There are 2 protein chains.
Amino acid sequence: MPPSLTSAIATPRPRRLVVAGTEGCATCAICEVRANGICSALNDPELERLAQVAVKVVIPPGQIFIEEGARADEFFNVTSGTVKLFKSLPDGRRQITGFVSVGHFLGLAVSKTYAFGAEAIDQVRLCRFSRTRLDPVINEIPRLERRLLSEAANELVAAQEQMLLLGRKTARERVASFLQELLEKEYGDSPAPGAWISFPMTRADIADYLGLTVETVSRTLSGLRREGLITVRNGHEISIITPSRLHAIARGEG
Amino acid sequence: MPPSLTSAIATPRPRRLVVAGTEGCATCAICEVRANGICSALNDPELERLAQVAVKVVIPPGQIFIEEGARADEFFNVTSGTVKLFKSLPDGRRQITGFVSVGHFLGLAVSKTYAFGAEAIDQVRLCRFSRTRLDPVINEIPRLERRLLSEAANELVAAQEQMLLLGRKTARERVASFLQELLEKEYGDSPAPGAWISFPMTRADIADYLGLTVETVSRTLSGLRREGLITVRNGHEISIITPSRLHAIARGEG
DNA sequence: TTCATGCAATGATTCATATCAAGCGATATC
DNA sequence: GATATCGCTTGATATGAATCATTGCATGAA
């Protein structure tokens with residue numbers, strides 16, 4: 001009955017939050033991701049202000065650093081690596097609501113607790129902000145709030161697209177949409193046919209993201225491969241031979 | 001292959017946007033929904049400022065007033081009635097991403113176009129704002145922006161919950177979740193067992209919201225009725241006999 | 001080397017939900 | 001007053017994806 005139970009159990013539940021490494025960060029101004037994320041909205045003095053409340057942390061692969069339902073008293077800004085966001089049912093079924101990487105921030109919460117969990121897929125670097133210390137900074141810098149709003153609006157659009165996928169698309173269309181999304185993340189809207197795209201998530205992650213089982217994801221990828229639409233290398237690198245065909249499938253016109 | 005094609009075709013595609021009625025609104029201060037929506041964040045002079053850019057409109061049932069992909073140059077604030085938001089596939093499959101009623105605002109868009117459509121279910125009253133005229137007002141009133149951000153965060157949480165539903169819940173769990181949601185909208189978290197809740201959406205709407213077919217929604221409701229968990233009256237009123245049982249089912253513990 | 005473990009692919013079978021079909025009341029149309 | 005049409009329900013059947021089962025291939029440990 002529960003579709004993703006197996007994948008949820010097969011995956012070893014990573015241990016509880018232990019911050020693996022922290023480094024002081026007095027110099028957001030020279031941060032390697034300054035052009036991304038919330039920081040891109042700020043000038044030097046504002047960054048200086050932000051730096052005072054930021055701590056850099058490193059999260060090893062597989063570690064959950066936001067626990068569903070935990071007190072939401074921290075904000076994060078991803079500076080490298082890939083994070084999966086998820087929601088779970090009591091029996092272990094899991095839905096991944098998004099994969100986020102450099103530039104994205106995490107922790108926007110309505111209530112006092114996080115409505116979702118977050119787990120590092122590969123090694124992840126984050127900027128961590130205490131909420132109580134970040135709030136006054138946000139109040140001081142309207143552009144920062146503007147930036148958060150636009151980020152939230154973006155995520156909302158992505159979420160609506162994903163609802164369409166989960167509610168109405170076939171397995172084939174879902175997998176095609178996922179690959180399409182990878183392609184867009186890498187190259188924007190310029191297709192670049194034949195280029196290799198590598199992705200860190202496992203088949204189980206993809207399944208939990210697309211509302212399918214591991215087997216269906218695997219079979220569907222094999223199918224697309226057999227049809228000559230894609231090539232797969234080492235399991236975690238794909239090359240999209242015919243982006244336009246894939247795009248058509250993703251929209252249900254395949 | 002396309003699950004909701006039938007329901008999409010069965011539903012007569014409502015005609016294009018024609019604003020049915022407009023009334024000037026110089027008096028947001030005495031607006032009946034002042035306590036709700038974006039207005040609740042404002043004091044009298046601020047409301048006065050807002051009123052200058054607002055127009056009240058009335059939308060008849062079935063009319064689409066936001067067209068997917070259309071230029072996004074208006075904001076709306078729902079003052080009465082119920083609206084369904086949706087996304088569609090080229091072949092007509094449709095996913096309803098949410099039902100919104102009094103207090104909600106619509107039109108937060110990332111790009112220059114709306115990523116979703118909006119259709120009135122019953123008669124809907126809206127406050128309409130031209131985006132170009134609203135933007136400066138938002139800049140002037142930080143609290144307004146704060147309010148928009150919190151609203152967006154709320155919607156994001158709801159969207160994640162819905163992704164979990166669409167990706168991982170069974171038909172029974174989906175319908176139970178929907179009823180649960182109706183109950184919460186009406187009574188917050190105090191169950192009020194036995195009270196009648198009326199809802200305006202059709203079975204087809206519910207199906208398109210839950211990623212099911214009309215038939216499955218109907219059968220599932222009948223099942224819950226037969227089991228004595230709910231009572232249905234006139235098709236659009238339900239009474240939840242055992243809220244806790246329903247809640248358990250919705251979370252997959254039924 | 002051998003063994004265990006995790007991840008992916010694939011085949012056989014089952015099952016939940018879609019599809020197809022029919023009927024029923026309410027409301028609207030001619 | 002006959003006849004559509006719409007929204008909903010229910011039954012019979014089909015099917016796409018889940019489930020169950022096996023295998024292969026890495027990688028890491030003993």
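What's counted below: heavy atoms across the whole structure, side chains too, no hydrogens, waters or symmetry copies. Because the structure is predicted, anything quoted here is derived from the model rather than measured. Naming: A, B, ... by sequence-line order, numbering from 1 per chain.
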Which whole-number value in Å describes the distance from B/Lys169 NZ to D/dA18 P? 18 Å

Please determine if a side-chain N or O atom of B/Thr216 lies less than 4.0 Å away from the OP1 or OP2 oxygen of C/dT17. no

All N/O donor-acceptor pairs, side-chain side in residues 190-201 of chain A, below 3.5 Å, sequence neighbours left out:
residue	atom	partner	partner atom	Å
A/Ser190	OG	A/Tyr187	O	2.9

Within this structure, what is the CG-to-P distance between B/Leu212 and D/dG16, rounded to whole angstrom? 18 Å

Pairwise 5' ranking along DNA chain C for A/Arg203 and B/Ala171, keeping only the more 5' one: A/Arg203

Distance test, side-chain N/O of B/His236 to OP1/OP2 of D/dC8, below 4.0 Å: yes

A/Ser177: partners by side chain to side chain donor-acceptor pair (under 3.5 Å), with sequence neighbours left out: A/Lys169

Could you give the CG-to-C1' distance, from B/Leu221 to D/dT10, as a whole number of Å? 14 Å

With a 4.0 Å cutoff (strictly under), does any side-chain N or O of A/Thr213 reach OP1 or OP2 of D/dA18? yes

Closer than 4.0 Å, any side-chain N/O of A/Ser222 to the OP1 or OP2 of C/dT10? yes

Can you check the B/Arg174 CZ to C/dA18 C1' distance for me, whole Å? 12 Å

Looking across every strand, which nucleic acid part, if any, lies under 4.0 Å from B/Ser218 by heavy atom: base, sugar-phosphate, or nothing? base

From CZ of B/Arg233 over to C1' of D/dG7, roughly how many Å is that when rounded to an integer? 19 Å

Validation row: B/Ile249, B/Glu253 side chains within 4.5 angstrom (heavy atoms): no

For the base of C/dT19, is there a side-chain donor-acceptor partner from B/Arg219 under 3.5 Å away? yes

Starting at atom CZ of A/Arg225, determine the distance to atom C1' of C/dT10, rounded to an integer number of angstrom. 11 Å

Residues two or more places apart in sequence or in another chain: which of them pass side chain to side chain donor-acceptor pair (under 3.5 Å) with A/Arg219? none

Grab the CD1-P distance between B/Ile206 and D/dG7 for me, whole Å please. 13 Å

Can you pull out every salt bridge (charged side-chain N to carboxylate O under 4.0 Å, His left out) where at least one residue sits in residues 174-184 of chain A? Sequence neighbours excluded, please. none

For nucleotides 21-28 of chain C, list the nitrogen or oxygen atoms of the protein found under 3.5 Å from its nitrogen or oxygen atoms, one pair per line.
none

Rounded to the nearest Å, what distance is computed from the CG atom of residue A/Leu166 to the P atom of nucleotide D/dA17? 13 Å

Do B/Phe76 and B/Phe65 make the cut of ring centroids closer than 6.0 angstrom? yes

With sequence neighbours excluded, residues passing salt bridge (Lys or Arg N to Asp or Glu O under 4.0 Å) with A/Arg233: A/Glu237

